[in-house]
Amino acid sequence: MKLLSAKVARHCIATAFCLSSLAFAATAVAGPNWATDVAGGEDHPLIQRYNNSWMMAYKKVGFDQTTFPGKLGLDSHNEFLAPVTVEGQITRMVYFAPLGKTPLEVHRNYEQALKAAGFKALISCTPRDKGCEHMRYGFDDHYRAMKEADFHANRDRQPENSALYKYMGSLGGSNMLGTDDLYFTYGTLAKDGKIVHVMLNSGKVYNTDFTTTYIEIAEPQAMEGGQVTVNADGLRSALQASGKIALYGIYFDTGKAEIKAAESKTQLDEMAKLLKNQPALKVYIVGHTDNQGNLDANQALSQQRAQAVVTALAKQYQIAPARLASKGVASLAPVASNADEAGRAKNRRVELVLQ
């Protein structure tokens with residue numbers, strides 16, 4: 001047999017790879033003739049569905065909070081142990097695999113695809129691992145709010161005595177999640193400079209031959225700012241009751257002390273209104289940071305930010321400088337854990353404190 005030249009061989013290999021990739025892409029979103037995706041559902045750009053699967057439920061929220069397990073197991077309230085809280089864009093999907101596919105085969109395919117994208121599993125368990133079958137209870141509330149396809153309408157299209165009709169007849173609500181032969185994985189991967197969180201749960205649906213996979217993806221991102229402002233009356237009430245109030249309506253770019261004027265104007269207006277309505281009032285403006293970076297640098301940054309607020313109130317609103325004093329305390333007075341972004345966001349603040 002005549003051997004191909006190295007150049008021709010490489011061309012054939014590349015062509016075969018491209019053709020196989022195109023074939024996968026063409027079939028990745030196809031489903032059996034009875035399958036109809038839930039209205040509005042779409043695959044996440046990070047991972048395509050298992051070949052010929054059907055999207056049974058879907059929900060995407062631009063900004064919300066969700067939790068993932070920090071370790072395997074649940075507490076007495078069926079909540080994740082050592083929960084990891086993430087704020088940002090949350091996407092949840094439930095896929096039905098083609099009949100005959102096992103949870104192991106489906107789950108391993110998803111893990112393999114994620115691993116190729118840089119995914120690192122932090123928790124992974126199989127039906128042989130104690131507690132794995134219970135992990136689904138930790139995201140029951142995540143699933144309940146999802147929009148589901150009309151399963152019964154799809155069932156009614158099948159021959160009444162067919163096996164498929166029988167399998168589909170018992171499904172609905174939470175039964176659509178896998179309950180038997182469960183595989184669970186949670187981990188993270190880096191995307192566009194951020195850590196994306198991914199959770200997978202695959203298993204057999206009770207009393208059927210269907211394998212389903214629940215996928216939840218959380219992409220941390222900043223909330224749209226300038227949407228919440230404490231008005232002058234709220235400031236006055238808080239100072240009377242507690243002697244201080246945390247403000248999240250004054251914005252700075254990361255690592256900088258210049259106030260973002262447009263986003264911060266509403267909150268500064270209300271602070272000035274309070275001070276003008278109470279001419280005898282004297283306050284400290286206290287800057288706080290999270291614990292990211294060097295403490296000395298954060299101390300200087302928090303002081304500079306506090307002083308920037310004092311300067312804005314004095315120059316733009318003609319508040320007497322003698323009534324204002326700036327202090328920076330870096331990360332030394334947190335109001336939440338700095339272990340996750342949700343806590344760090346709460347710690348980055350400006351406080352108004354009575355002198």
Side-chain angles (χ1 to χ4, degrees), residues 60-65 86-90 192-194 218-239 244-279 281-293 297-331 333-336 338 340-354:
K60 178 180 176 181
V61 182
F63 188 89
D64 203 354
Q65 184 181 91
V86 182
E87 292 185 350
Q89 178 175 286
I90 315 296
D192 299 330
K194 297 179 181 179
E219 302 168 79
Q221 61 185 35
M223 175 183 65
E224 182 182 0
Q227 306 303 305
V228 178
T229 300
V230 182
N231 64 25
D233 288 338
L235 295 173
R236 177 180 52 78
S237 297
L239 290 175
K244 65 177 183 178
I245 184 171
L247 303 174
Y248 296 93
I250 300 177
Y251 297 92
F252 304 87
D253 284 325
T254 301
K256 296 183 178 180
E258 292 77 26
I259 295 174
K260 299 176 77 170
E263 294 91 332
S264 306
K265 183 179 184 304
T266 303
Q267 187 61 79
L268 289 170
D269 286 350
E270 294 300 320
M271 294 170 71
K273 182 178 178 181
L274 167 75
L275 290 163
K276 289 180 177 180
N277 288 343
Q278 299 187 54
L281 183 64
K282 294 184 177 182
V283 296
Y284 294 106
I285 306 296
V286 185
H288 297 260
T289 69
D290 57 29
N291 70 342
Q292 303 299 289
N298 283 338
Q299 174 71 48
L301 179 64
S302 62
Q303 176 64 46
Q304 291 163 7
R305 287 179 171 179
Q307 184 57 48
V309 176
V310 168
T311 300
L313 290 171
K315 289 187 175 181
Q316 297 174 30
Y317 299 92
Q318 291 74 52
I319 304 299
R323 299 173 58 193
L324 309 169
S326 62
K327 301 292 180 182
V329 296
S331 58
V335 292
N338 276 302
D340 55 50
E341 177 55 31
R344 292 193 290 270
K346 292 179 181 177
N347 291 331
R348 296 190 296 266
R349 67 197 190 277
V350 170
E351 284 191 345
L352 198 62
V353 181
L354 282 177

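Being a predicted model, the structure only gives us computed values, none of them experimental.
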Heavy atoms, side chains only, cut-off 4.5 Å: are [X] and [Y] in contact?
{"X": "His288", "Y": "Ser302", "answer": "no"}
{"X": "Lys260", "Y": "Asp253", "answer": "yes"}
{"X": "Val335", "Y": "Asn347", "answer": "yes"}
{"X": "Leu324", "Y": "Val283", "answer": "yes"}

Measure across [X] and [Y] and return the closest heavy-atom pair with its distance rounded to 0.1 Å.
{"X": "Ala257", "Y": "Gln304", "result": "CB-CB, 3.6 Å"}
{"X": "Ser326", "Y": "Gln307", "result": "OG-OE1, 2.7 Å"}
{"X": "Glu351", "Y": "Lys244", "result": "OE1-CD, 3.9 Å"}
{"X": "Gly287", "Y": "Ala306", "result": "N-CB, 3.7 Å"}

Distance, nearest 0.5 Å, that separates [atom1] of [X] from [atom2] of [Y]:
{"X": "Ile245", "Y": "Leu235", "atom1": "CD1", "atom2": "CG", "value": "5.0 Å"}
{"X": "Met271", "Y": "Ile285", "atom1": "CE", "atom2": "CD1", "value": "4.0 Å"}
{"X": "Ser237", "Y": "Asn231", "atom1": "OG", "atom2": "CG", "value": "8.5 Å"}
{"X": "Glu270", "Y": "Leu352", "atom1": "CD", "atom2": "CG", "value": "12.5 Å"}
{"X": "Asn291", "Y": "Asn298", "atom1": "CG", "atom2": "CG", "value": "8.0 Å"}
{"X": "Arg344", "Y": "Glu87", "atom1": "CZ", "atom2": "CD", "value": "11.0 Å"}

Checklist entry - Does the side chain to side chain contact (heavy atoms under 4.5 Å, CB included) test come out yes or no for Glu219 and Lys194, once each step is laid out? => result CA-CA 8 Å; Glu219 302 168 79; Lys194 297 179 181 179; over 6 Å; no
Would a distance-only check, ignoring hydrogens and angles, find a side-chain to backbone donor-acceptor pair under 3.5 Å from [X] to [Y]?
{"X": "Arg323", "Y": "Leu275", "result": "yes"}
{"X": "Asn338", "Y": "Gln292", "result": "no"}
{"X": "Gln267", "Y": "Val230", "result": "yes"}
{"X": "Gln299", "Y": "Gly328", "result": "yes"}

Next on the checklist: Please determine whether side chain to side chain contact (heavy atoms under 4.5 Å, CB included) holds for the pair Tyr248 and Lys346, giving the CA-CA distance in whole Å, both sets of side-chain angles, and the decisive distance to 0.1 Å.
Outcome noted: CA-CA 8 Å; Tyr248 296 93; Lys346 292 179 181 177; 4.1 Å; yes
Next on the checklist: The criterion is side-chain contact (heavy atoms from CB on, under 4.5 Å); which residues satisfy it with Ala218, sequence neighbours excluded?
Outcome noted: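 In terms of side-chain contact (heavy atoms from CB on, under 4.5 Å), with neighbours along the sequence ignored, Ala218 is linked to Thr66, Phe68, Val86, Ile90, His197.
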Checklist entry - Should Asp269 and Lys265 count as an ion pair when the cut-off is N to O under 4.0 Å? => result yes
Checklist entry - Can you check side chain to side chain contact (heavy atoms under 4.5 Å, CB included) on Ser331 and Thr289, steps first, answer last? => result CA-CA 5 Å; Ser331 58; Thr289 69; 4.1 Å; yes
Next on the checklist: Would you say NZ of Lys276 has more than 12 non-hydrogen atoms from neighbouring residues, nucleotides or ligands within 6.0 angstrom?
Outcome noted: yes
Item to check | CA sep, side-chain torsions, deciding dist, call: Phe252, Ile259, side chain to side chain contact (heavy atoms under 4.5 Å, CB included) | outcome: CA-CA 5 Å; Phe252 304 87; Ile259 295 174; 3.5 Å; yes
